[in-house]
Amino acid sequence: MSTVPEKPSLDNIESKWMAYWDEQSTNAFDRSVSRSDVFAIDTPPPTVSGSLHMGHVFSYTHTDTIARYWRMRGKSVFYPMGWDDNGLPTERRVQNYFGVSCDPSVPYQKDLVPPFRGDPPKDHKAVPISRPNFIELCEELTAEDEKIFEDLFRRLGLSVDWSLLYATIDERSRRASQRAFLRNLARGEAYTQEAPTLWDVDFKTAVAQAELEDRERPGAYHTLTFHRSDGNGDILIDTTRPELLAACVALIAHPDDDRYKPLFGTTVRTPLFNVEVPVLAHPLAQQDKGTGIAMCCTFGDLTDVTWWRELQLPTRAIIGRDGRIISDAPEEITDENGQRHYASLVGKSAKQAQTAIAALLAESGEMVGEPRPINHPVKFYEKGDRPLEIVTSRQWYIRNGGRDQSLRDDLLARGESLTWHPDHMRHRYSNWVEGLNGDWLISRQRYFGVPVPVWYPLSHTGEINYDTPLVPDEAQLPIDPSTDVPAGYTADQRDKPGGFTGDPDVMDTWATSSLTPQIAAQWEDNADLFSRVFPFDLRPQGHDIIRTWLFSTMVRSHFEHGTAPWSNAALSGWILDPDRKKMSKSKGNVVTPIDLFDSYGSDAVRYWAAGARPGIDTAFSEDQMKVGRKLATKLLNVSKFVLGFGEADTSISPTHALDSAMLHRLADVVDEATKAFESYDYARALERTESFFWWFCDDYVELVKTRAYATHSEEGALSARIALRRALSVLHRLFAPILPFATEEVWSWWQNGSVHRAPWPIRTDLVTETGFTIHAETHLDAVCGALGEIRRAKTEAKVSQKAIVEEVVVHASEGVISSITTSWADIADAGSVQKWTAHVSDTTDLTVHVTLAPPA
RNA sequence: GGGCGUUUAGCUCAGUUGGCUAGAGCAUCUCCCUUACAAGGAGAGGGUCGGGGGUUCGAGUCCCUCAACGCCCACCA
């Protein structure tokens, strides 16, 4: 407890109180309490490769207000932070920064010195290094960014317990991730399979359904002529991907399509390549698309995959993993011209091949007319730059209900069991789960990630036996199969016939971040801690990653623990720029958070963020930050003022009706704010508190300040001071979750300890239900109504509010007159009124005639 | 094509089970240097609550319908 400063200021309060909170361990999680006294938050680990922006400030503030509320409610708040530094974006930065590339076949080198630290020359050829070395460099580079992130989050006032920090690539995360995978494998929930999968040709990795997005791209319909094998004419096919013609395995029309019914079971020959393919029926063919009959290739899109599987068609892949036409033509192309045509396409990208084949078709006369340009949606990897291809490869999957109705039902039920904030977000989840069309593909052909922790035995001829993977003991985790050796083998047996080979892949970043509750709670590493926090209370996150992060976390927890990982999911909205467009760097409308903290203070920025209702998109608004700044300043000033009246024994009830009425009004605000916070609605809690606060400052304090100075009587002054101090204490605590710095500052002037460890206010801090006979709201409306009329009269007369009023005549109902009479002395003080008379009238309206004194 | 959300003052938004004359902040305008605060204060103007229909004594609120905008999912020859 210190004294009230002469000139209160918001300057530098952030650094002052940040240091204090560290010193006092204000935000530390108490590991001794039982689960029922814990509030556990599964904080989203931000991606470290980028920079923190207003979106982070926005959503993390929301969570922080909730954390602070529950801490004041006496819960031990488990509020960890994690860094998501596992994955592609980091990998790319490390390659560019150090001038290295990851090659899992290179052995680990202790104390490796990278060729560069920052800006390798343009002609530098990346030096291949082992995967463990590469991961070390990733950790080194991300550490710098993580420091910056931590500083920013501290400055924002997040009440995170920084001792709980984790990173998704750290040892604990890798161990948890591999352990969970191995358990999935042991229970049959993870499996490997060779199958056509969506493939990014630039990253050269498989991608999962959840990572897809559609982009509108220009394309062109080409009308191709297929020749009936019986010589009875041609069939026209519309396709946007003529470059796949050599991969054509069938023509397919709808079973009910009368135009093509007679052709089912017959064959046709492809243009240019002269390969015989069957004409088949399948209900997925759409009669109104193109010519109503489609060319099925291996593989142009996911429909092709379905046809290929269901109609048991052969495989004729022509696109390689680099997105180019492979050199080996399908052996079905026996025609000499066909082989020549194919050879002319080898090595071309899909786009180049399309141009080339269009020219060939035009030349051979097997294309009708010119290509007709269209715009159509094409599937992309969300981080990729080129359309996805479909290639056949061996991948690991985790079951997620995409191929199993009963599992799907179980996961839907888990989603239903959550309390969603806002509630309608539950539809995003069920919508996604119901639309799954396959299991979760978790393997990625990348390096910086958690390795798939298995090896495979090699036969005496060197064949990989995928059916009996060699798994490590859990005690060995984390492992890297590219350098570690499975039990029963020696290092020199690696990749030798009769030996073993390590799985070359890493797991999808979501395969690790789907375990954030387990990682943060130190699952299996610290059973005591885990039992005190799991399942968590809250998962806060963006609604754009319901299908990825939220759903995958649910899948893992369902399998491993047989429960949902949390009871509540709070989805935050987007930040829009003032023109209602989503903010983005490319538009140059991104303001950095630090500048805003410097300009308005952290509390003001938090105030803006907390004004947005849960899950609602919100416009970026510096105006709102100015308002927040004003609020924080006002809080300082009014606190100084109230405390300046001197101490009072607040255990005694105030005697004046106005004072009691004010406390009753505030007690209702406490109830509302409490109810709002319990349903995660920080915005409503703020709105109610703030609205009361401005009324308190503008009307109540003005009404009682003269009396509080002991101008009239000690008894009256005491009543006012008791009410003022009770209200102030409650207001400090009500604002604490939103304005942690300013409230801590004012709290320190007159209280011991942190406001953030003070108990959340309750009604009985303000009022006891006995001994108050008038209706608080009626009383306040009457008194403030009268004061308002006097103020209006002065404003209309264009005189100072300090101007003396000679007489006030009030006409009102008996009850209103009674209230005004009771508190008349305060009204007269606030309005500088010399004399007044009251008349009881039938009307419910309050009429006030004000006679101003002549200017002195 | 399926689902979800939004539509209230110039702007951003409240309006909780239907109930006085629909609210706030910002912006605009007027006034006031008033010993907590001029980085302040006091006031004013401004809305036929997206359109249409219905239920009701009474609808911003409930029902039907249409529209616009946004998002999610699916399809995509």
Side-chain angles (χ1 to χ4, degrees), chain A residues 4 7-10 214 216 219 221-224 237-242 244 251-253 284-286 288-297 300-304 374 376-379 422-437 543-544 546-547 573-574 576 578 580 582 608 611-613 615-624 626-627 629-645 672 675-676 679 681 683-684 687-688 690-691 694 697-698 701-702 705 787-788 790-803 832 844-845:
Chain A
V4 182
K7 183 76 183 166
S9 167
L10 294 172
D214 285 350
E216 199 68 28
Y221 271 119
H222 299 66
T223 303
L224 274 50
I237 298 284
D238 277 347
T239 178
T240 55
R241 301 211 55 187
L244 294 177
L251 296 189
I252 296 173
L284 272 182
Q286 293 181 37
D288 55 350
K289 274 274 166 62
T291 57
I293 182 162
M295 160 174 108
C296 174
C297 306
D301 61 29
L302 292 171
T303 311
D304 285 344
I374 52 157
H376 63 154
V378 180
K379 284 201 188 311
D423 185 70
H424 68 255
M425 290 294 178
R426 66 174 64 252
H427 301 295
R428 300 272 179 104
Y429 178 93
S430 54
N431 222 330
W432 173 253
V433 178
E434 282 159 6
L436 286 168
N437 57 29
H543 56 65
D544 54 327
I546 289 174
R547 68 177 183 172
W574 295 110
L576 308 173
R580 307 297 296 167
K582 197 173 155 186
W608 157 73
R613 301 204 114 69
I616 305 294
D617 293 348
T618 296
F620 175 79
S621 165
E622 288 196 44
D623 282 345
Q624 279 305 107
K626 289 176 187 163
V627 175
R629 175 84 177 177
K630 208 172 108 170
L631 174 65
T633 303
K634 191 76 174 180
L635 186 62
L636 260 53
N637 283 317
V638 80
S639 298
K640 180 193 169 203
F641 190 50
V642 166
L643 296 173
F645 291 121
E672 282 191 87
K675 197 173 145 203
S679 55
D681 194 347
R684 174 181 295 276
E687 179 201 277
R688 294 304 147 105
E690 186 189 12
S691 158
W694 285 108
C697 292
D698 294 341
V701 173
E702 288 298 322
K705 69 182 184 186
L787 178 63
I790 294 165
R791 285 171 168 169
R792 191 209 317 274
K794 291 181 180 182
T795 297
E796 280 171 3
K798 302 195 173 184
V799 298
S800 161
Q801 289 297 321
K802 214 169 71 173
S832 307
T844 53
D845 290 343

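- At a threshold of 4.0 angstrom between heavy atoms, the contacts of Gln286(A) include nucleobase atoms, whether or not backbone atoms are also involved.
- Across rU12(B) and rU6(B), the matching C1' atoms stand 14 Å from one another, rounded to whole Å.
- For Trp694(A), taking side-chain heavy atoms from C-beta onward, the closest of the listed nucleotides rA77(B), rG41(B), rA38(B) is rG41(B).
- Note on Arg688(A): a base of the nucleic acid sits closer than 4.0 angstrom, heavy atoms only.
- Counting all heavy atoms, side chain and backbone alike, Lys794(A) lies closest to Ser832(A) at NZ-CB, 4.1 Å.
- Residues meeting the side chain to side chain contact (heavy atoms under 4.5 Å, CB included) test with Val627(A), sequence neighbours left out: Tyr607(A), Gln624(A), Glu690(A).
- Comparing rC69(B) with rG43(B), their P atoms sit 43 Å apart, to the nearest whole Å.
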> Pairing of RNA chain B as dot-bracket, 5' to 3': ( ) intra-strand, [ ] crossing, | other strand, . unpaired, with Watson-Crick or G-U pairs under 3.5 Å?
Replying inline: (((((((..((((.....[...)))).(((((.......))))).....(((((..]....))))))))))))....
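- Using a 4.0 Å heavy-atom distance criterion, Leu284(A) is classed as a base contact.
- With sequence neighbours excluded, the residues satisfying side chain to side chain contact (heavy atoms under 4.5 Å, CB included) with Asp681(A) are Arg613(A), Pro614(A), Ala676(A), Ser679(A), Ala683(A), Arg684(A).
- Not a single donor-acceptor pair, N or O on each side, falls under 3.5 Å between the base of rC71(B) and the side chain of Asp617(A).
- Protein atom CZ of Phe645(A) is 13 Å distant from nucleotide atom C1' of rC37(B), rounded to whole Å.
- Closest of all the heavy-atom pairs between Cys697(A) and Lys634(A) is CB-CE, 3.7 Å.
- Looking at which nucleotide of RNA chain B each of Lys289(A) and Arg613(A) is closest to, the 5′-most match is held by Arg613(A).
- With sequence neighbours excluded, the residues forming a side chain to side chain donor-acceptor pair (under 3.5 Å) with Thr795(A) are Gln801(A), listed by chain and number.
- At whole-Å resolution of the value, NZ in Lys626(A) and P in rU12(B) are 17 Å apart.
- Here, rC64(B) and rG25(B) have their P atoms 36 Å apart, quoted to the whole Å.
- Nucleotides rC13(B) and rU35(B) have their P atoms positioned 39 Å apart, rounded to a whole Å.
- Annotation: side chain to side chain donor-acceptor pair (under 3.5 Å) contacts of Glu796(A) (sequence neighbours excluded): none.
- Met295(A) and Asp304(A) get closest at one heavy-atom pair: O-OD1, 4.0 Å.
- Nucleic acid contact for Thr291(A): none, since no nucleic acid atom lies under 4.0 Å from a heavy atom of the residue.
- We find that CD1 of Ile546(A) is positioned 10 Å from P of rC73(B), with the value rounded to whole Å.
- If you check every strand for non-hydrogen atoms under 4.0 Å, Ile237(A) touches nothing.
- For the C1' atoms, the distance linking rA68(B) with rG51(B) amounts to 11 Å, nearest Å.
- Taking Phe645(A) as the reference, Phe641(A), Tyr709(A) meet the ring-ring contact (aromatic ring centres under 6.0 Å, His included) condition, with sequence neighbours excluded.
- Taking atom CG of residue Asn437(A) and atom P of nucleotide rG2(B), one finds them 20 Å apart after rounding to whole Å.
- Residue Gly300(A) is out of contact with every strand shown, counting any heavy-atom pair closer than 4.0 Å.
- In this structure Asp214(A) satisfies the side chain to side chain contact (heavy atoms under 4.5 Å, CB included) test together with Pro377(A), Lys379(A), sequence neighbours excluded.
- For the OP1/OP2 pair of rC73(B) and a distance below 4.0 Å, the side-chain nitrogens and oxygens of Arg547(A) include at least one atom meeting the criterion.
- Side-chain contact between Glu622(A) and Trp608(A) is absent, with no heavy-atom pair separated by less than 4.5 Å.
- Rounded to a whole Å, the CZ atom of Arg241(A) is 13 Å from the C1' atom of rC76(B).
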>> How would you summarise protein contacts on nucleotides 23-36 of chain B per nucleotide, using B for base, S for sugar-phosphate only and - for none, with heavy-atom distances below 4.0 Å?
In response: --SS---SSS-B-B
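- Computed from coordinates, the Leu10(A) CG to rC37(B) P distance equals 15 Å when rounded to whole Å.
- A gap of 26 Å separates the P atoms of rA9(B) and rC4(B), to the nearest Å.
- rC57(B) and rG18(B): their C1' atoms are spaced 12 Å apart (whole Å).
- Heavy-atom minimum distance, Asp698(A) versus Arg791(A): O-NH2, 2.9 Å.
- In this structure, His222(A) places its NE2 atom 14 Å from P of rA77(B), rounding to the nearest Å.
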>> Using a 4.0 Å heavy-atom cut-off to protein, can you give one letter per nucleotide of nucleotides 3-9 of chain B, 5' to 3': B if the base is in contact, S if only the sugar-phosphate is, - if neither?
In response: SSS----
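- Nucleotide rC71(B) holds its C1' atom 14 Å from the CG atom of Asp214(A), rounded to whole Å.
- Qualifying salt bridge (Lys or Arg N to Asp or Glu O under 4.0 Å) partners for Lys705(A), counting only residues two or more places apart in sequence or in other chains: Glu702(A).
- In this structure, the nucleotide among rG15(B), rA77(B), rG41(B) sitting nearest to the side chain of Ala285(A) is rA77(B).
- By the side chain to side chain contact (heavy atoms under 4.5 Å, CB included) test, Asp623(A) is found to be paired with Ser621(A), Lys626(A), residues two or more places apart in sequence or in another chain being considered.
- Under the side chain to side chain donor-acceptor pair (under 3.5 Å) criterion, Glu672(A) pairs with Arg688(A), sequence neighbours left out.
- Comparing rG19(B) with rC63(B), their P atoms are spaced 15 Å from each other, to the whole Å.
- Listed candidates were rG15(B), rC76(B), rA77(B). Nearest to the side chain of Lys379(A) is rC76(B).
- Of the candidate nucleotides rA77(B), rG15(B), rA39(B), rA77(B) has the atom lying nearest to any side-chain atom of Ala294(A).
- Look at Thr633(A) and you won't find any side-chain N or O under 4.0 angstrom from OP1 or OP2 of rG40(B).
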